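Numbered from 1 within each chain, the chains take letters A, B, ... in sequence-line order. What you are looking at is a predicted structure, and each value in this text was computed from that prediction instead of being measured.
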Amino acid sequence: MDERVAVIGAGSWGTTLARVVTSAGRPALLYSRRQDLCDEINSTHTNSAYLPDIHLPACLEATADLERVARESSLILFVVPSHGFRDTARELGNYLTGEHVVVHATKGIEQATHRRMSEVLREETCLRKIGVLSGPNLARELAAGQPTGTLVASSYDEVFRRSHAVLNTDYFRVYGGRDVIGAEVGGAFKNIVALAAGVAAGLGLGENTKALLLTRGLSEMARFGVAMGGELMTFGGMAGIGDLIATCSSRLSRNQQVGERLARGESLADIQGEMRMVAEGVKTARAVHEFAREKGLDLPIVAAVHRLLHEGGDVPTLLRDLMSIPTGAEFVALAP
Amino acid sequence: MRQEDRERATIEAATRVVDRLVVRAKTPEDLEVALSDTLYHERRRLERERSSRPRTRSDQAFYHDMQRRLRHASAADLRRALDEVARRFAREIVGSFDDRVYRLSTTVVPTGLSLLLGATTPTKLRSLSGLRRGLSDHLELQGALESVRRLEKLGTLIVVPTHSSHLDSLVMGYAIHLMGLPPLLYGAGLNLFENPLMSFFMNNLGAYRVDRKKQSALYKEVLKEYATVALEFGYHNLFFPGGTRSRSGAVERHLKRGLLGTGLAAFINNLRAGREKPRLYVAPCTISYKLVLEAETLIDDHLKEVGKSRYIIEDDEFSHPRKILRFFSDLVSLDAKVVLTFSRPLDLFGNPVDDDGNSLDPRGRHVAPESYVLQEGEPRHDRQRDGQYTNELASAVARSFVTDNVIMSTHVVGLALMGLLARANPGMDEYRLLRTGGIAPSFTHAEVSEEISRIIAGVRSLTDRPRLAPDLEHEPAAVLDDALEAYGCYHARRAAVRRGDRIFHEDRNLLLYYGNRLRGYDLGRRLQH
């Protein structure tokens, strides 16, 4: 039998990826810290908390034993929210060897350190063969088997080869690249734009507005990404504009929802208190904003969203901020 | 390298390279292309060389004959020809020197150095041991010495020092002896063998020959393969990963991957062959000089060639043995220190290694280096992957250089004067400033001292900071005096001099050169505030 692919993190995205693996013909081992969740997955083949109404195949087994994960699988998909990422990585690091390949699918930047997730993996483990999976991948749509694509980026071609072999199916098209930084920045940054797009939607603004926000958001994303060391072209791809369009168009996006609810007058604290899942954009806005300030980068959309979320701003101010961003040559700022 | 290994290594290196070419070649034409490329580069090289040298004449005859024979060559002929050329390259690289000299090297080297010192300080000639102390007084060894000593017994060492002077190889040779390690193999430029004095040391230190004028891919492959084979045979190696002496004076941050990658190739070959001690350890090492013999030509070269890379320096100070002697004598009389710092050894993947030879992950947990090269349970080569591993190693080595670089008074004062000069001439571009000296020919003693303390404080506040030489603990005025004395000691023109209460910058290129040792540390912004 083919080697099992492990997925760490049994939230909606992790469970979905495990399911993709099984539909590509491989058995999957899904890790969750919670024994009760593992029991549910193993006995009723459901994950009712995170992926209701989706049936999970029998060759998808859940476990709460991290050591077993590392022992039984040399290819691991790491799908842990950014706030728990470092701790889980450190714990997993107890069991890893240089042979392991770890592809993370977490879109965010570590708040305290401004590190990208691949950097956290590097700091906490012996790993070298690290990759990132990012693209227009709304978990619910993918779990329902609707077609989409993604990017697996790694400096090591082996990481792409092996990920492609276990993930590429007729409904999930896996592309490869070497720009890890670009892929990670794209995945983290789009959440900030999605938040702003959510506010616009909540205010009843139409498609023109959204397109304006997306386009200028993409430009800011690319500027930031290139400053971090990413490649410009990555932002025109799956992990850049691809992800941005999906996230900003979907009612399913958590970041959009936060924006919409803010526009309706709810407070950030209330919204976050109610949400079961994490809206990465809230944290990413802070990390990106601080980083940009350190580096002297001008990112007006990020600054405006940051003001709304973390500096006691309100929705009318956000709108005013956004619409008073100076205009000039459209592309001049893109040059690295 | 021992005589019995010498012939084996020559054949092994040449055969491996040609075998690889044959495997990669899809058609006989590919072999022809490889051979033609080599012949083309060799002919061009020979056209540029003086034909009176016996080596050049022999090469000319060899390639002329080969050209003639290849007119109607079959695939087998091509392969034979490639093999012949590859072996010719390999034989030159391996070199031929007296085996007895090699076996004596551990005693000959220190004595040789002592004699060298003796020639410069006749008063001390009476006692050899006293002379030896003369040099060890000026060479300070620090850092992970014990660790390197222990690892030498557990596997094969690759020592990778910073490179700022041709003296580096002598200093390394002597340091290796003081540490009680066996001689290291290393590749030295062919031109260095033409200087009888250097040649003596080169051979004794186990040097093999690198001809930087040979540009063909085949030559470079044979060279790398020879290094790989030597490592597999268990010979410790020394590479200068910067590829060439630092022209600017700054510590190398971009390292050449070519030779660095041979360690990994050797490791995988060792595992595949089931060799007894398969592991290799990389020992980064920074050599810090208060004064660099070739500073003037290096910085000139840097200023001319910024943005380009240039690896061949035809005529430099080392064609003049007398100049080396003078440097040694000045070194001894001035009490100018050379500090050699061994950084913590690394494995081939950039992980630190403990004294028992275990690789450690960033949290200090053991990791088996063998696991990095497994594919389906077997150790295998993978060009793309291995290239990335070597990148990781290169970054780790570069980080060691950054933090184990030792800053001395000459560096701080160089940077201080250049900083003051730039501020006194706002908006003037660097080249003009260097040429003309701008509008301020001198600064007060107090101004310079103030700038020195700012720089030292700035360095102390850095996260990734270099080491500071102990005498930088002194008052800034003393640091300044120390540097001025050093500047006056060796260089034809003093970098700066004191007249009354003022410090005059005389050779700004030299000041730039010494100050550059602190380049790349993100000091600029700290000093502005």
> Which atom names give the shortest non-hydrogen contact between B/Y372 and A/K129, and what distance separates them?
Replying inline: O-NZ, 4.1 Å

> Which pair of heavy atoms, one from B/S371 and one from A/G98, lies closest together, and at what distance?
Replying inline: OG-N, 2.7 Å

> Taking it one step at a time, do A/R178 and B/Q384 satisfy side chain to side chain contact (heavy atoms under 4.5 Å, CB included)?
Replying inline: CA-CA 12 Å; A/R178 288 189 182 155; B/Q384 201 278 334; 3.6 Å; yes

>> Report which part of B/D382 has an atom under 4.5 Å of a heavy atom belonging to chain A: side chain, backbone, both, or neither.
In response: side chain

>> Counting only non-hydrogen atoms closer than 4.5 Å, does A/E123 touch chain B with its backbone (N, CA, C, O), its side chain (CB onward), both, or neither?
In response: backbone

> Between B/R363 and A/R90, what is the shortest heavy-atom contact and its length?
Replying inline: NH2-NH2, 3.3 Å

>> Which atoms of B/R365 are under 4.5 Å from chain A, going by heavy atoms: the side chain, the backbone, both sets, or neither?
In response: side chain

> Are there more than 12 heavy atoms of other residues, nucleotides or ligands under 6.0 Å from atom OH of A/Y175?
Replying inline: no

>> For B/R24, is the CZ atom crowded, meaning more than 12 foreign heavy atoms sit under 6.0 Å from it?
In response: yes

> Hey, which residues of residues 345-358 of chain B are touching chain A, say heavy atoms under 4.5 Å apart?
Replying inline: B/F349, B/G350, B/N351

> So how far is it from B/Q388 CD to A/S154 OG, rounded to the nearest 0.5 Å?
Replying inline: 7.5 Å

> Does A/E311 CD have over 12 foreign heavy atoms under 6.0 Å away?
Replying inline: yes

>> I'd like to verify something: which residue of B/L360, B/D361, B/N391 has the highest number of heavy-atom pairs under 4.5 Å with chain A?
In response: B/D361

>> Quick one, B/E370 with A/E99, criterion side chain to side chain contact (heavy atoms under 4.5 Å, CB included). Give me CA distance, side-chain angles, the key distance, then yes/no.
In response: CA-CA 9 Å; B/E370 294 76 15; A/E99 198 181 358; over 6 Å; no

> In terms of side-chain geometry, is the basic nitrogen of B/E392 or A/R122 positioned less than 4.0 Å from the acidic oxygen of its partner?
Replying inline: yes

>> Are there over 12 heavy-atom neighbours, none belonging to B/H254, within less than 6.0 Å of that residue's NE2?
In response: no

